[in-house]
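In what follows, chains carry the letters A, B, and so on, assigned in the order in which the sequence lines appear, proteins first and then strands, with residues in each chain numbered from 1.
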Amino acid sequence: MTTAEGDVFAIRTSQDVVIVRQEVRARAVKAGLGLVDQTKIITAASELARNTLDYGGGGTVVMEAIEANGRRGVRLTFEDHGPGIADIELAMKDGYTSGQGLGLGLGGSRRLANEFFIESRIGEGTKVVITRWK
Amino acid sequence: MTTAEGDVFAIRTSQDVVIVRQEVRARAVKAGLGLVDQTKIITAASELARNTLDYGGGGTVVMEAIEANGRRGVRLTFEDHGPGIADIELAMKDGYTSGQGLGLGLGGSRRLANEFFIESRIGEGTKVVITRWK
Amino acid sequence: MERIPILAMGKALLITIQVDMHDRLALALEEDLTNRIASTGARGVLIDISSLEIVDSFIGRMLDNIAAVSRVLDAETVVVGMRPAVAITLVELGLSLTGVKTALNVERGMALLRSQCATRRGTHDHRRG
Amino acid sequence: MERIPILAMGKALLITIQVDMHDRLALALEEDLTNRIASTGARGVLIDISSLEIVDSFIGRMLDNIAAVSRVLDAETVVVGMRPAVAITLVELGLSLTGVKTALNVERGMALLRSQCATRRGTHDHRRG
Ligand SMILES: Nc1ncnc2c1ncn2[C@@H]1O[C@H](COP(=O)(O)OP(=O)(O)O)[C@@H](O)[C@H]1O
Ligand SMILES: Nc1ncnc2c1ncn2[C@@H]1O[C@H](COP(=O)(O)OP(=O)(O)O)[C@@H](O)[C@H]1O
């Protein structure tokens, strides 16, 4: 698999979440994703960027154009050094929220992505990686 | 019990899953299964073939015509060399999915078959055997 | 890639699934249908599955999704013609299709869609009267 | 801070969301709209989201909230113009927007609001009669 060098974006304000959506959109278009697939990865990115901001206390997202077996795609890696998630299985459940959300962000973005990876350590932070292929 | 030599089918694409359904149907008819029993084993085969493809990274199914105590039946053995299943009990639970499914494939095909056997080893692969008797 | 045809019947769209769909074909149908609802302003969708020999969890999810997406776009979905053996198997599989309206056949399905539109139109008449 | 404009159209309020809203802007809209319903006595709210490229769970919750708050203030909310790709994504995300009425476009949305006000008027007359 080849990976173009990733671009890093800070997520510190709710305006940054808007920028993340726009940058993901540009990359999804460039990777040749169809309209529905673009919409799915932008929506997943919006959910994860908001989590990074609201629960992770801010962080970063790395956006990569990837290619494997002749297929192109977009990979997004959200990372924060916030409080971490104590019970990932619970956090992934549709409807579970510790805040004011609908509790659909993590489960929903797993459904919207082709690949989903989450790693979190209490007191150290959280990392979520999603990939959408053309 | 007597077992006719089994036929092996590759499961590499979603078109192969369609072929598996058709081949299972032909064998269920030949074994004299009634319409409801045919429908049940074809549906279970569809679920397991899709798992072999989506989670096992592709694999094979062996289809056998079997006979025991004067009863005829169909036995299907799905096998892949994919990542395996870490927690089989969890995977069998209705509603549990690590992907985009409904989480009904394993639990449902156990209910739809007369006999159900599953074996999986992390890093080695997964084997599921179902049998439906006339 | 082949596609499943979508027919316009008055204010409704009719899909007759006649092939054993592979998964990508099912996803393409979902997308095609959604676009057609939006472009035609259809108020109803009739999906005839009388040719389907099985409905597995993937197709079940597709039917549920189509019904949910249609609803968001203000159209009703009715699934017609499910074979008895399929219905029995579906329940055993654990799929309840609670989000999907069903009818015995195309005529009854059309009647169901009409009655639903009529409820809406009825309200209008009342206002005008 | 910028705000999203709210237009009065007869007894209804019309909001056309044309920007990619950040979360605080969405919250401000919810508040502005609630105040406007209360001050004008509007009976209907039409939210045109045809420019929106995505609806995530935050915006979905905003739409649900607006519909719920409007209902309490005796106004109906209709969301119009959702793009097909957005509808498909919303359902996959897990949002069903069951509390929100939808229509294909502004005309249909207005017709829906009118028919609903008429039902109420009908009911009122009946009660008075
Ligand atoms: N980056 C993160 N850092 C810490 N906790 C998180 C993070 N992301 C998600 N969580 C936890 O997981 C829960 C569920 O998240 P999610 O499914 O996105 O729903 P919501 O965002 O509506 O709360 C959150 O309420 C929060 O407790
Ligand atoms: N052949 C397989 N290889 C690896 N994991 C599997 C396999 N089959 C099933 N699984 C795991 O078991 C889970 C549950 O499977 P299933 O009940 O069929 O539901 P679904 O297919 O909807 O995910 C899957 O999400 C996957 O994590």
Under a 4.5 Å heavy-atom cut-off, does chain A meet the side chain of Leu95(D), its backbone, both or neither?
-> both

For Val55(D), is it the side chain, the backbone, both, or neither that has a heavy atom closer than 4.5 Å to a heavy atom of chain A?
-> backbone

Under 3.5 Å, which donor-acceptor pairs link chain A to chain D? Give each pair on its own line with the distance.
from: Arg21(A); atom 1: NE; to: Asp20(D); atom 2: OD1; distance (Å): 2.9
from: Arg21(A); atom 1: NE; to: Asp20(D); atom 2: OD2; distance (Å): 3.3
from: Arg21(A); atom 1: NH2; to: Asp20(D); atom 2: OD1; distance (Å): 2.5
from: Arg21(A); atom 1: NH2; to: Met21(D); atom 2: O; distance (Å): 2.8
from: Arg25(A); atom 1: NE; to: Glu53(D); atom 2: OE1; distance (Å): 3.2
from: Arg25(A); atom 1: NE; to: Glu53(D); atom 2: OE2; distance (Å): 3.4
from: Ser46(A); atom 1: OG; to: Asp56(D); atom 2: OD2; distance (Å): 2.5
from: Glu47(A); atom 1: OE1; to: Ser57(D); atom 2: OG; distance (Å): 2.7
from: Glu47(A); atom 1: OE2; to: Ser57(D); atom 2: N; distance (Å): 2.5
from: Glu47(A); atom 1: OE2; to: Ser57(D); atom 2: OG; distance (Å): 3.0
from: Arg50(A); atom 1: NE; to: Asp23(D); atom 2: OD2; distance (Å): 2.6
from: Arg50(A); atom 1: NH1; to: Asp56(D); atom 2: OD2; distance (Å): 3.2
from: Arg50(A); atom 1: NH2; to: Asp23(D); atom 2: OD1; distance (Å): 3.0
from: Arg50(A); atom 1: NH2; to: Asp56(D); atom 2: OD2; distance (Å): 2.8
from: Gln100(A); atom 1: O; to: Arg61(D); atom 2: NE; distance (Å): 3.4
from: Gln100(A); atom 1: O; to: Arg61(D); atom 2: NH1; distance (Å): 3.1
from: Arg111(A); atom 1: NE; to: Glu92(D); atom 2: O; distance (Å): 2.7
from: Arg111(A); atom 1: NH2; to: Leu93(D); atom 2: O; distance (Å): 2.8

Report the option among Val18(A), Val17(A), Val36(A) that has the most heavy-atom pairs separated by less than 4.5 Å from atoms of chain D.
-> Val18(A)

Partners meeting side chain to side chain contact (heavy atoms under 4.5 Å, CB included) with Asn69(A) (sequence neighbours left out) = none

